[in-house]
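We count residues from 1, following the sequence as given. All heavy atoms count here, side chains included; hydrogens, waters and symmetry mates do not.
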Amino acid sequence: MATTKIAIAPMKVAQVPKPGGDFQIVEREIPEPLAGQVRIKVQACGVCHSDQLTKEGAWPGIQYPRAPGHEIAGIIDELGAGVTVWKKGQRVGVGWHGGHDGTCLSCRRGDFANCQNLKVPGISYDGGYQQYMLAPIDALAAIPDSLSDVEAAPLLCAGITTYNALRHSGAMPGDLVAVQGIGGLGHLGIQFANKFGYKVAAIGRGSENAALAKKLGASVYVDSKATNAAEALQQLGGAQVILSTAPSSKAMSELFDGLGPNGKFMVIGAAFDPIEVTPIQLISGSRSLQGWASGTAADSEDTLRFAEQSGVRPMIETYPLEKAAEAYARMISGEAQFRVVLTM
């Protein structure tokens with residue numbers, strides 16, 4: 001008996017064909033989810049500076065062609081075998097934490113964020129620069145109804161990173177917390193810090209950012225071009241926490257002395273050159289330096305719920321998927337205000 005083969009409609013994908021290659025808009029068949037996976041109909045995907053790792057081949061072992069994107073908001077379109085907790089039609093997001101192995105020592109200790117075999121969308125597998133994507137269920141975060149897709153997408157990377165770093169920093173309501181950098185990370189960090197009840201000092205380069213910083217919730221604006229920012233923080237009593245979002249190791253090194261006693265310098269701005277801090281700077285005042293990555297899907301849900309309740313929202317520029325190259329260039333330029341999001 002003859003059988004009829006049903007053609008699967010193609011989907012559009014913005015892929016990088018090789019390390020350093022230009023973006024290509026291609027068509028692929030819509031994939032089918034495997035056991036433990038869901039298929040997501042992508043509605044929006046943020047364009048993050050970390051997508052450069054895929055674009056330029058800076059992450060070892062990436063297989064090409066690859067669709068970047070780890071700030072994904074969409075709708076579950078199909079369930080793989082064995083998936084019962086999640087439902088078709090449910091709104092979900094996927095961030096940097098794209099799955100963990102559950103068997104390494106970190107996972108066995110419940111530290112899934114530091115899984116030794118962590119999967120990252122857009123690096124380990126194709127991410128959100130496409131109309132449909134597959135994701136393991138341990139990467140999924142439920143999106144609250146009142147957050148739009150374009151609002152939710154940047155909160156799944158820039159949002160969770162700033163939110164999670166601040167809530168684990170040890171700062172208490174009323175403490176002086178400084179946010180260095182008023183960009184894609186910093187403009188969210190200022191908002192979260194304000195909603196946490198901190199006295200927020202925003203640090204930027206140039207007076208033109210002062211009004212925006214105050215609007216976002218900063219009590220004080222420090223222009224690091226016009227003054228010594230570390231000294232300015234000491235005049236305010238010293239910061240309990242400095243959240244460094246700008247990817248400049250030189251700026252971080254210069255600001256460390258703005259910490260007060262038992263202060264903590266939280267590094268979330270990724271740079272490759274060394275931060276120069278002497279042992280005396282650490283010992284004096286019992287100060288510390290800590291890096292912070294993103295977080296798990298559960299942390300993403302915490303971030304989204306808090307943003308929904310508190311009114312924290314990213315400032316965004318949107319581009320259609322077909323203009324992925326233009327959107328990426330806009331992000332790389334540093335001129336975007338402040339997060340770039342692809343829409344499908």
Side-chain angles (χ1 to χ4, degrees), residues 44-51 70-71 73 93 95-96 147-167 169 171 176-225 229 239 241-248 251-252 255 266-271 292 294-295 300 303-304 306-319 327 330-342:
C45 183
V47 179
C48 180
H49 199 271
S50 298
D51 293 341
H70 57 270
E71 296 181 358
W96 178 263
L147 287 176
S148 70
D149 296 310
V150 294
E151 290 172 335
L155 293 173
L156 293 161
C157 183
I160 183 182
T161 302
T162 51
Y163 172 86
N164 229 10
L166 286 169
R167 72 169 175 170
S169 69
L176 177 64
V177 171
V179 178
Q180 178 195 33
I182 304 173
L185 288 164
H187 89 287
L188 288 168
I190 293 169
Q191 293 181 69
F192 281 125
N194 172 264
K195 298 301 183 181
F196 284 0
Y198 306 146
K199 179 179 179 180
V200 184
I203 301 170
R205 290 184 58 80
S207 60
E208 63 275 7
N209 290 316
L212 175 60
K214 296 288 184 67
K215 182 179 179 181
L216 293 171
S219 300
V220 179
Y221 180 75
V222 178
D223 179 1
S224 61
K225 285 178 67 175
V241 169
I242 297 174
L243 183 69
S244 181
T245 72
S248 168
M252 295 178 197
L255 191 57
M266 300 286 287
V267 177
I268 62 174
W292 193 269
S294 177
S300 288
T303 304
L304 293 168
F306 186 86
E308 177 193 32
Q309 296 164 9
S310 65
V312 172
R313 296 292 187 274
M315 297 172 63
I316 56 176
E317 298 179 4
T318 60
Y319 290 78
R330 176 67 171 167
M331 178 276 298
I332 287 291
S333 75
E335 299 299 322
Q337 298 290 316
F338 283 102
R339 304 298 294 188
V340 176
V341 178
L342 296 174

Check His49 against Met331 and note the closest heavy-atom contact, atom names and distance. CA-SD, 3.5 Å
Would you mind reporting whether Ser294 and Asn164 have side-chain heavy atoms less than 4.5 Å apart? no
Nearest-0.5 Å distance that lies between atom CG in Leu155 and atom CZ in Arg339: 9.5 Å
I'd like to check Leu176 versus Val220 (side-chain heavy atoms, cut-off strictly below 4.5 Å). Are they in contact? no
Audit row: Met315, Leu212, side-chain contact (heavy atoms from CB on, under 4.5 Å) steps and yes/no: CA-CA 11 Å; Met315 297 172 63; Leu212 175 60; 4.1 Å; yes
Given Met252 and Ile242, is the side-chain contact (heavy atoms from CB on, under 4.5 Å) satisfied, shown in steps? CA-CA 9 Å; Met252 295 178 197; Ile242 297 174; over 6 Å; no
Roughly how far, to the nearest 0.5 Å, is OG1 of Thr162 from CZ of Phe192? 5.0 Å
Between Tyr319 and Val47, is a side-chain contact (heavy atoms from CB on, under 4.5 Å) present by the stated rule, with each step listed? CA-CA 10 Å; Tyr319 290 78; Val47 179; over 6 Å; no
All heavy atoms of Ala158 vs all of Gly184, minimum pair found to be CB-O, 3.8 Å
How about Leu188 and Thr161: do any of their side-chain heavy atoms sit closer than 4.5 Å? no
Checking His187 side chain against Phe338 main chain: does a donor-acceptor pair fall under 3.5 Å? no
Nearest heavy-atom approach of Ile268 to Trp292 is CG2-O, 3.6 Å
Where does the angle between the aromatic ring planes of Trp96 and His70 fall among parallel (under 30°), tilted (30 to 60°) and perpendicular (over 60°)? perpendicular
Nearest atoms (heavy-atom pairs only) where Ala307 meets Arg313: O-NH1, 2.6 Å
Any side-chain to backbone donor/acceptor pair from Thr245 onto Gly269? Under 3.5 Å, distance only. no
Heavy-atom distance under 4.5 Å between the side chains of Tyr221 and Ile182, does that happen here? yes
Enter the distance from Ser169:OG to Phe196:CZ here, rounded to the nearest 0.5 Å. 8.5 Å
Counting only N and O atoms by type, is there a donor-acceptor contact under 3.5 Å from the side chain of Ser244 to the main-chain atoms of Met266? no
Could you check Val179 against Leu185 for side-chain contact (heavy atoms from CB on, under 4.5 Å), going step by step and ending with a plain yes or no? CA-CA 10 Å; Val179 178; Leu185 288 164; over 6 Å; no
Determine the sole option in Val222, Leu243, Leu255 for which the side chain to side chain contact (heavy atoms under 4.5 Å, CB included) test with Gln180 is passed. Leu255
Arg205 backbone acceptor or donor facing Asp223 side chain under 3.5 Å: no
Minimum heavy-atom separation for Pro247 and Ala270, please, with both atom names. CB-O, 3.1 Å
Side chains of Leu156 and Leu304: does their closest heavy-atom pair fall under 4.5 Å? yes
Taking all non-hydrogen atoms of both residues into account, name the closest pair between Ala153 and Gly46 and its distance. CB-N, 3.9 Å
Nearest 0.5 Å, please: how far is CG in Asp51 from CD in Glu71? 7.0 Å
Give a yes or no answer on whether the side chain of Gln191 reaches the backbone of Gly217 with a donor-acceptor pair at less than 3.5 Å. no
